[in-house]
Amino acid sequence: MDPPAGDAASIAERSRRAAMSTLGETLRHYQQEAQAHREEAPQPEAAPSAPVREGAPAEEDAIAQDASPQAPSAPPDETENDSREQRPRVVIGEDGIITLRYKDNAAEEAPQKEPEIPVKKPRPERTQRPVQTQEPPRQSFTERFLAPAVRMVATRIARRQMQTAEAANWPEPLDIRETPELTPGKAAKYYGSLLRPLSMRLRVALLLTVILAWISLRLPMAGMLGRSIPLQAGVSLVLLLAVMMTALDVVTAGLRQLFDLKPGAEALASIAAILSGIDAVLVLFELVDTLPFCAIGAASLTAALWGEQLTCKALRRTFRTAAASKTPSVLSSGADQALLRTERDSTEGIVRRSESQDICRTAYAAAAPFLLGASLLLSVIACIGNGAYFLHTFSALVSVSASFAAFVGFPLPYAIAARRLRSSGAALAGYDGCADIGKTNRVVITDEDLFPPGTMKFSEINVAEGVFLGKVVASTAGLLSASGSGVSALFDELVSRRGYNMPGVEEFAVHEGGGLSGLISGERVLVGSAGFMNLMGIRLPQNLQTRNSICTAISGELVGVFVIDYIPVTSVQEALVTLMRGKTQTVFAIRDFNITPRMIGKLFRMPTDRFNFPSFRERYRLREEAAEGGDTPIDAVISRPGMLPLVEAAEAARKAYNASRISAILSLAGAGIGMVIMFLLCRVGAFDTASAGNVLSFMALWFLPALILSLGQSR
């Protein structure tokens, strides 16, 4: 008989539970053996936990792990760790459901606390900003401003004390003269690169200055600009600021001079511009009813830019000329203030010497402190009882002291001289070179200056009968070469062309009248003119041509006569005329005994009364001084032969030196007189008379003589 349905269900349930219990006991036994085996074996490093999606519930994660496919068991030849990692764990739920879990899932069932899994948060977009959860504490005024300032000052004081303490152990400061000097070619490229921006800035500043001068001179202006002084002051202020930005290097140089307590011309121009700008602001707010001196400050800055441009042009031309010659000759002044021409291998030293400070800058560097102090003192005295015009008066006095000639007093004549000398192949070494040449009162002329190479040739060569020509030519060439005569180059060429050997000379001597004597191969050799041979007792044939001839005697016998033709050069004639008309004394240190005043007057068709022909002993002394003058400073460089470049360089240097001295004197005199006049006018309150236009006209008139002197060199 079949059991009832309820009993059948209960029997089935008990059977199922018994089976499941048996199966569970078997699996637990298996699990305990596996756990014991794992504890005996060394534990491998823990594998990184699998990332979990943020926000996903734990149940979904567990289901996802349960649903993953079971990995197949490892083959017997695999490592033991891999096989243990693949062994499952049996979990029986309360409802009797059996679940197989692997190592990752088994870690979730461990009794210890589950380790935290690092979760990578999504990166915020660029537009998002981190939200401050807590506001930073507010800093007080002392913490925010005063404390950093105090720390900075303390740091500087400590650094200064450290430098002072270590100053005794420091080496001496590096002298700029020890630094390597640029070659003339590189210096010419450097100054040439500065010309274009300087010229552009000068044009802009000049245009703005012309507009300012138009306003200051009260010339016709349209609309309100012609009737409103505050409006004119505002426009002048804007134009002045534009000029100051254009000449910013001049302004910064002036302020640096002022901070270093070494004011100069740039400092005066910069202070005048700054004071004029402040005065314009006062006029703009109708605190003062007089037009400011913006035009004078702008004109001084423009003059400074012009001086820089002229200096760059002159130096570029100077260094190009110095670099053009491979074997240049230089001019230098000797101990007795005689201008000498010497040959040198290089022009080292001309770059640094040409960049020296001129007399106008030197004069203003010495006078600027007194001008500033006098301007301040006179302004205080002039404004007693009328303090509202103190700044206006101070601006007027400083502006009138910043003379235009202080910036172009030497650069303008130097640039004109450099342009003139460029065509003749000469270059002056800046102000120092011009000053040395200008102070000299004598110019030494040598054989090569009067008769350059190629202007002499043989007309006749007569040799005594029975005498070898090579012996006569070599003996004559040896003595002439030892004397340094200009005609020796002609004999040296003849010796090299014929293949003769140049003999050595012993007991060389120079006699009065230019005769030469010496021992050559044990024989006494005499070389000189026909008159010298007569004095030495050497008889000459009656039919022998003795004009411009060189006679040679060996052992008391006349063996040869060489007749020389001297060809005059037009450029040398022009140079002699220039020297004759000038105030410089010309000294002919010529060793060629055939060149006499009579010969020069006949060849060049000019009087020679003003020319000085010293004794041969003095001539040789001057030439030896020139040969030993390799260490003397370079005053000028001549890259072409002949006398004309030498004379033109001497004359141009003298004119530039005199023009710069006169410009310096006139500029300082104009500054002093202008300050006195402005003080008297401001003291009585005549500000309409002491206007910006009148001051500008006054300064232009004082600059006119310097301009005329400089431009006069182009004649």
Side-chain angles (χ1 to χ4, degrees), residues 317-318 321-322 324-325 328-334 336-344 413-414 416-429 433-455 486 566-590 592 595 597 599-601 603-614 619 622-623 626 629 634-659 712-715:
R317 290 169 179 155
T318 297
T321 304
S325 178
S329 59
V330 302
L331 295 182
S332 58
S333 57
D336 53 353
Q337 291 190 352
L339 188 62
L340 305 174
R341 179 174 180 172
T342 58
E343 301 291 335
R344 294 194 184 181
Y414 182 45
I416 295 174
R419 184 179 61 185
R420 286 189 57 196
L421 296 177
R422 171 77 175 170
S423 58
S424 60
L428 301 175
C434 294
D436 288 348
I437 296 175
K439 294 175 183 177
T440 56
N441 54 4
R442 296 195 301 171
V443 177
V444 179
I445 305 300
T446 61
D447 302 47
E448 294 80 7
D449 298 330
L450 199 59
F451 292 100
T455 59
Y566 295 88
I567 304 171
V569 182
T570 305
S571 61
V572 176
Q573 185 179 15
E574 295 176 356
L576 290 174
V577 172
T578 303
L579 288 175
M580 186 178 60
R581 292 177 178 176
K583 298 181 180 180
T584 304
Q585 183 183 6
T586 306
V587 180
F588 286 85
I590 296 175
D592 189 351
I595 301 177
M599 174 209 178
I600 293 176
L603 282 179
F604 295 100
R605 300 177 182 178
M606 59 182 305
T608 59
D609 299 338
R610 295 194 57 188
F611 296 153
N612 182 16
F613 284 82
R619 299 182 191 183
L622 291 175
R623 293 288 295 273
I634 298 176
D635 295 331
V637 176
I638 297 177
S639 58
R640 296 180 185 177
M643 187 177 175
L644 186 60
L646 185 151
V647 175
E648 287 188 348
E651 290 298 321
R654 187 170 293 104
K655 289 181 179 180
Y657 173 65
N658 293 331
Q713 294 188 105
S714 58
R715 293 185 297 107

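Being a predicted model, the structure only gives us computed values, none of them experimental.
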side-chain contact (heavy atoms from CB on, under 4.5 Å) filter on Asp436, not counting sequence neighbours, yields Ser333, Arg353, Asp635

List in chain and number order the residues that pass side-chain contact (heavy atoms from CB on, under 4.5 Å) with Glu448, two or more places apart in sequence or in another chain; answer none if no residue qualifies.
-> Thr446, Arg623

Quick check: do [X] and [Y] have side-chain heavy atoms less than 4.5 Å from each other?
| X | Y | value |
| --- | --- | --- |
| Ile445 | Thr586 | yes |
| Ile416 | Lys655 | no |
| Phe604 | Val572 | yes |
| Leu646 | Leu331 | yes |
| Leu428 | Thr318 | no |
| Leu450 | Leu576 | yes |

Minimum-distance pair of heavy atoms, taken over all atoms of [X] and [Y]:
| X | Y | value |
| --- | --- | --- |
| Pro645 | Ala426 | O-CB, 4.0 Å |
| Ala589 | Asp447 | O-OD1, 3.9 Å |
| Val577 | Met606 | N-CE, 3.9 Å |
| Met643 | Leu579 | CE-CD1, 3.3 Å |
| Ala429 | Tyr414 | C-OH, 4.3 Å |
| Leu644 | Glu574 | CD2-OE1, 4.1 Å |

OG1-CD1 distance between Thr321 and Ile638, expressed to the nearest 0.5 angstrom | 11.5 Å

When rounded to the nearest 0.5 angstrom, what is the spacing between CD1 in Ile595 and CZ in Phe451?
-> 5.0 Å

Can you name the residues that form a side-chain hydrogen bond (donor to acceptor under 3.5 Å, both in side chains) with [X], not counting sequence neighbours?
| X | value |
| --- | --- |
| Arg610 | none |
| Ser329 | Arg341 |
| Ser424 | Glu648 |
| Asn612 | none |

Could you list the residues that satisfy ring-ring contact (aromatic ring centres under 6.0 Å, His included) with Phe588, not counting sequence neighbours?
-> Phe611, Phe613

Please answer whether the main-chain N or O of Gln585 pairs with a side-chain N or O of Arg442 as donor and acceptor at a distance below 3.5 Å.
-> no

